[in-house]
**Student:** 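Please see the structure below; I have some questions.
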Amino acid sequence: MFVRVALDHPLPTLFDYRCATPDIAEGAVPGMLVSVPFGKRHVVGLICEVTAHSELPAERLKAVDNLCTACPPVSSHWLALAAFAADYYQRGLGEVALPALPQALRDASRWSRLFAPEERYRLTPEGRTALPDTLPARATALRKLAQALVDSDFLLAADARALHPKAVATLDTWQSAGWVALDVIEAASVPAAAASPDAPTPVLPTLTDEQTAAVEAIRGADGFAPFLLHGVTGSGKTEVYLRALAEILAAKPDAQALVLVPEINLTPQFEAAFRARFAALDGTAIVTLHSGLAEGERARHWFAAHTGRAHIVLGTRLAVLASLPQLAIIVVDEEHDPAYKQQEGLRYSARDLAIYRAKQLGVPVVLGSATPSLESWWQADQGRYKRLTLSRRAVADAVLPSVRLIDLEEERRRGRASFEGLSGPLIASLKARLERGEQSLVFLNRRGYAPQLACDACGWVAGCPRCSAYVVLHKPERALRCHHCGWEARIPRSCPECGNVDIAPMGRGTQRVEETLANAVPGARVLRIDADSTRRKGSAQALFSDVHAGEVDILVGTQMIAKGHDFQRVSLVGVLNADTALFSHDFRASERLFAQLMQVSGRAGRAGLPGEVLVQTRYPRHALYHALSRHDYVGFANATLAERRDAHLPPFVYQALLRAEGRTLEAALAFLQQAAAELAHIPAAARVTVYDAVPLTIVKVMHVHRAQLLIESASRAALQATLHAWQPLLRGLKGVLRWNLEVDPLDI
DNA sequence: GTGTCACTTTCC
DNA sequence: GAAAGTGACACC
């Protein structure tokens with residue numbers, strides 16, 4: 001017998017191996033993990049096929065080292081999902097499937113350690129001797145033991161969760177593997193209610209009519225049903241998710257739900273909400289999956305999902321590839337968020353894969369947003385997604401904030417005082433909130449102290465020696481830092497070109513605004529939240545809880561502060577420096593800006609305080625700000641979609657990018673021109689438009705020069721066919737350090 | 001001889 | 001994409 005194995009390797013093929021022993025030949029099933037020799041190394045791969053024949057000559061075939069019998073195989077649905085993603089995003093199956101598995105399983109040397117009988121044995125006697133006679137008492141003892149096991153290592157934890165009566169099938173697997181002790185099997189007869197005997201009954205808020213209608217629609221879904229839940233901030237989308245999940249889990253006790261959020265920072269509050277609502281489920285039935293988890297924890301959570309013991313999986317984009325054998329509903333919160341697009345390696349869109357997954361399994365998928373992506377909005381216009389609308393804030397008396405545009409030109413013309421870029425009206429409003437004991441939020445999408453450090457005398461600007469970019473001044477660290485490659489240097493005392501000592505920071509970042517606010521609004525407690533102030537694990541959570549606890553008067557930050565957080569006492573939002581996105585060459589910049597401003601505006605006045613948003617701008621009559629001040633997403637979306645249609649831009653065309661990295665820009669461009677010429681050999685490319693190869697905006701990063709070539713088509717099928725035929729031709733081209741294809745790119 | 005650089009080939 | 005293999009050349 002032979003197995004065909006997917007390996008995490010850029011070659012787009014499967015690799016054949018001999019099953020050297022009868023155990024392996026009989027035990028091998030598609031979806032199982034194997035350890036195999038590959039070149040001089042040994043790697044873990046995923047069995048995709050078990051076959052009696054191999055195309056390869058016998059002498060080239062190597063034998064499987066080891067079969068991972070302890071981990072149940074992933075389902076054929078999961079394999080099909082990975083195959084779809086690989087095909088659509090133009091990668092090898094193994095490049096998709098293996099990185100989606102927990103690291104602990106991808107290291108074969110750890111299998112034996114994790115499964116070692118001594119390890120099991122050392123832990124189980126406790127349970128054996130401690131088990132009391134009466135059933136509930138026994139349940140408690142078992143739960144303690146289970147927790148002890150859960151706190152230990154990965155597969156021991158799986159064993160421990162098999163103590164749970166719902167997991168009899170899993171238990172059978174372990175038992176047949178010969179290592180589940182008798183008393184553990186006994187435990188399987190402990191009643192399920194023992195899991196959480198004294199869970200409080202959650203108090204449910206009354207739903208608005210719109211929320212009720214949304215929940216009804218989702219509950220009534222039959223088979224694949226995509227919903228676009230368009231709800232203004234504060235309209236109670238989360239409550240709709242909670243009710244819909246409760247309905248589905250109640251109807252089918254073994255069902256699993258997948259809930260995606262765009263950012264790690266949002267998982268704690270969601271997890272808390274889900275745990276409070278589903279307190280009757282045992283603690284292990286809700287798990288999180290994101291890159292912030294420790295390796296062992298992530299492996300345990302993944303395994304809980306894989307074996308069906310976790311019923312609610314809450315995670316970031318990577319969770320869309322979790323193994324979920326009983327998946328019954330998917331929720332994608334803030335579906336418009338660009339964070340759902342992976343920006344390195346396999347550049348997948350978690351939202352798009354969520355839709356594929358729902359379609360594949362015939363289950364509902366709910367895309368929630370106050371500002372849906374134009375792609376999703378267009379799908380709803382076409383009737384392919386069912387639109388559900390929450391137009392009012394759910395909390396009584398909470399109204400949408402008033403938006404005021406501060407015309408910076410007029411302020412200047414009239415000679416009104418400003419304070420380091422903060423206009424008079426904004427400072428006055430901040431002071432008024434401080435006096436009233438209310439909180440304010442100042443949003444600025446640029447971290448660091450100043451984006452440039454320049455010399456007045458000769459015009460020198462501090463740049464990165466490795467990249468074609470200016471370095472950003474970071475005052476607390478007294479450093480210049482490149483935001484593209486991480487290069488750092490001390491701040492020079494004088495201009496390295498002309499020796500002038502009057503070198504000055506230009507422009508404003510969050511650090512500088514923080515400093516300015518401390519002077520401009522005396523007595524205010526100012527806190528900054530951005531990628532720099534939250535670098536340490538868990539520090540974001542600590543900072544946010546300071547805000548919730550009322551220990552902060554003014555919160556300054558990047559988009560990080562705009563998302564999700566329900567700050568009860570914020571009544572003012574100030575927006576600085578938004579104009580740059582209005583005239584960007586990226587056609588999606590205005591869509592992103594509008595979503596961000598709507599989102600950050602939504603932070604104001606959630607708990608009944610009258611909310612106000614002040615936007616400092618040089619273009620107060622711009623259509624985007626006009627729509628913003630009327631909270632008119634629909635108007636903005638329809639107008640922008642009309643523009644996109646006229647300009648033949650997504651969602652009316654499908655795009656792909658070929659990126660090349662070379663030692664010189666000329667090499668990268670030459671590669672792309674050759675690549676474009678190859679398209680002439682591809683019949684499907686007749687329906688594809690090819691643009692000129694162009695350098696990236698930041699052309700050089702880490703001494704590597706980058707360029708890209710955009711191709712697009714009104715037909716997704718023609719684009720896909722072209723890419724499939726193109727890739728082998730590209731492999732034949734030389735002269736470049738690296739290249740990659742990105743399907744449905746977000747940034748162009 | 002051998003170090004190292006640029007480039008090609010192999011990976012079941 | 002990484003590692004091993006290849007040939008050319010400089011160096012003592």
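Note on naming: letters A, B, ... go to the chains in the order of the sequence lines (proteins, then strands), and numbering restarts at 1 for each one. Note that the coordinates shown come from a computational prediction; the quantities given were computed from them, not determined experimentally. These numbers come from the heavy atoms of this one structure, side chains and all, not from hydrogens, waters or symmetry mates.
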**Student:** If you look only at pairs with a residue in residues 50-63 of chain A, which of them pass as a salt bridge (Lys or Arg N to Asp or Glu O under 4.0 Å), with sequence neighbours excluded?
**Tutor:**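 Residue pairs with at least one partner in residues 50-63 of chain A: there are none.
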**Student:** Heavy atoms within less than 4.0 Å of DNA chain B: which residues of residues 660-673 of chain A have one? Give them sorted by number.
**Tutor:**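 Here the set is empty: none.
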**Student:** Could I get the full list of side chain to side chain donor-acceptor pair (under 3.5 Å) partners for A/Arg716, not counting sequence neighbours?
**Tutor:**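 A/Arg716: side chain to side chain donor-acceptor pair (under 3.5 Å) contacts with A/Tyr88.
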**Student:** Rounded to the nearest angstrom, tell me the gap between atom CD in A/Glu59 and atom C1' in B/dC12.
**Tutor:**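 Computing the A/Glu59:CD to B/dC12:C1' distance gives 12 Å.
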**Student:** Return each pair, listed once, that meets salt bridge (Lys or Arg N to Asp or Glu O under 4.0 Å) where at least one residue sits in residues 2-11 of chain A; pairs must be two or more places apart or across chains.
**Tutor:**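 Applying salt bridge (Lys or Arg N to Asp or Glu O under 4.0 Å) to every pair that reaches into residues 2-11 of chain A, excluding sequence neighbours, yields A/Arg4-A/Asp16, A/Arg4-A/Glu49, A/Asp8-A/Arg106.
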**Student:** Could you note down all residue pairs passing side chain to side chain donor-acceptor pair (under 3.5 Å) where residues 675-694 of chain A supplies at least one of them, sequence neighbours left out?
**Tutor:**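 Every side chain to side chain donor-acceptor pair (under 3.5 Å) pair that includes a residue of residues 675-694 of chain A, provided the two are not neighbours, is A/Tyr691-A/Glu712.
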**Student:** What do you reckon, are the aromatic ring centroids of A/His306 and A/His301 less than 6.0 Å apart?
**Tutor:**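 Ring centroids of A/His306 and A/His301 are no less than 6.0 Å from each other.
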**Student:** What pairs with A/Arg481 under salt bridge (charged side-chain N to carboxylate O under 4.0 Å, His left out), at least two apart in sequence or on another chain?
**Tutor:**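 If we apply the salt bridge (charged side-chain N to carboxylate O under 4.0 Å, His left out) test to A/Arg481, skipping adjacent residues, the hits are A/Glu477, A/Glu488, A/Asp532.
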**Student:** Shorter than 3.5 Å, N or O on both sides, protein versus nucleotides 3-8 of chain C: list them out with atom names.
**Tutor:**
none

**Student:** Can you sort out which residues in residues 5-22 of chain A have a heavy atom within less than 4.0 Å of DNA chain C? Ascending by number, please.
**Tutor:**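 Hits under 4.0 Å, by residue number: A/His9, A/Pro10.
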**Student:** Given atom CG of A/Leu93 and atom P of B/dC11, what is their separation to the nearest angstrom?
**Tutor:**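 It works out to 21 Å between those atoms.
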**Student:** Looking at residues at least two apart in the chain, or sitting in another chain, which of them share a ring-ring contact (aromatic ring centres under 6.0 Å, His included) with A/Phe2?
**Tutor:**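 With sequence neighbours excluded, A/Phe2 shows a ring-ring contact (aromatic ring centres under 6.0 Å, His included) to no residue whatsoever.
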**Student:** Show every ring pair (Phe, Tyr, Trp, His ring centres under 6.0 Å) that has at least one partner inside residues 56-77 of chain A, sequence neighbours left out.
**Tutor:**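 Residue pairs passing ring pair (Phe, Tyr, Trp, His ring centres under 6.0 Å), neighbours aside: none found.
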**Student:** Under 3.5 Å, which donor-acceptor pairs do the side chains of residues 726-742 of chain A form with other protein atoms, sequence neighbours left out?
**Tutor:**
unit_1, atom_1, unit_2, atom_2, d
A/Trp726, NE1, A/Ala675, O, 2.9
A/Gln727, NE2, A/Gln90, O, 3.3
A/Arg738, NE, A/Glu661, OE1, 3.2
A/Arg738, NH2, A/Glu661, OE1, 3.0
A/Glu742, OE1, A/Arg347, NH1, 2.7
A/Glu742, OE1, A/Arg659, NH1, 2.8
A/Glu742, OE1, A/Arg659, NH2, 3.3
A/Glu742, OE2, A/Lys341, NZ, 2.5

**Student:** Below the 4.0 Å mark, does B/dT10 have OP1 or OP2 next to a side-chain nitrogen or oxygen of A/Arg60?
**Tutor:**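 Answer is no, no contact under 4.0 Å.
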**Student:** Check the distance between B/dC11's P and A/Arg731's CZ and give it to me in whole angstrom.
**Tutor:**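 Distance check: A/Arg731 CZ to B/dC11 P gives 16 Å.
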**Student:** Expressed in angstrom and rounded to an integer, what is the separation of A/Glu95 atom CD from C/dG1 atom P?
**Tutor:**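 These atoms are roughly 8 Å apart.
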**Student:** Please, which pairs that meet ring pair (Phe, Tyr, Trp, His ring centres under 6.0 Å) have at least one residue in residues 26-71 of chain A, sequence neighbours excluded?
**Tutor:**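 Matches after skipping sequence neighbours: A/His9-A/Phe38, A/Phe15-A/Phe38.
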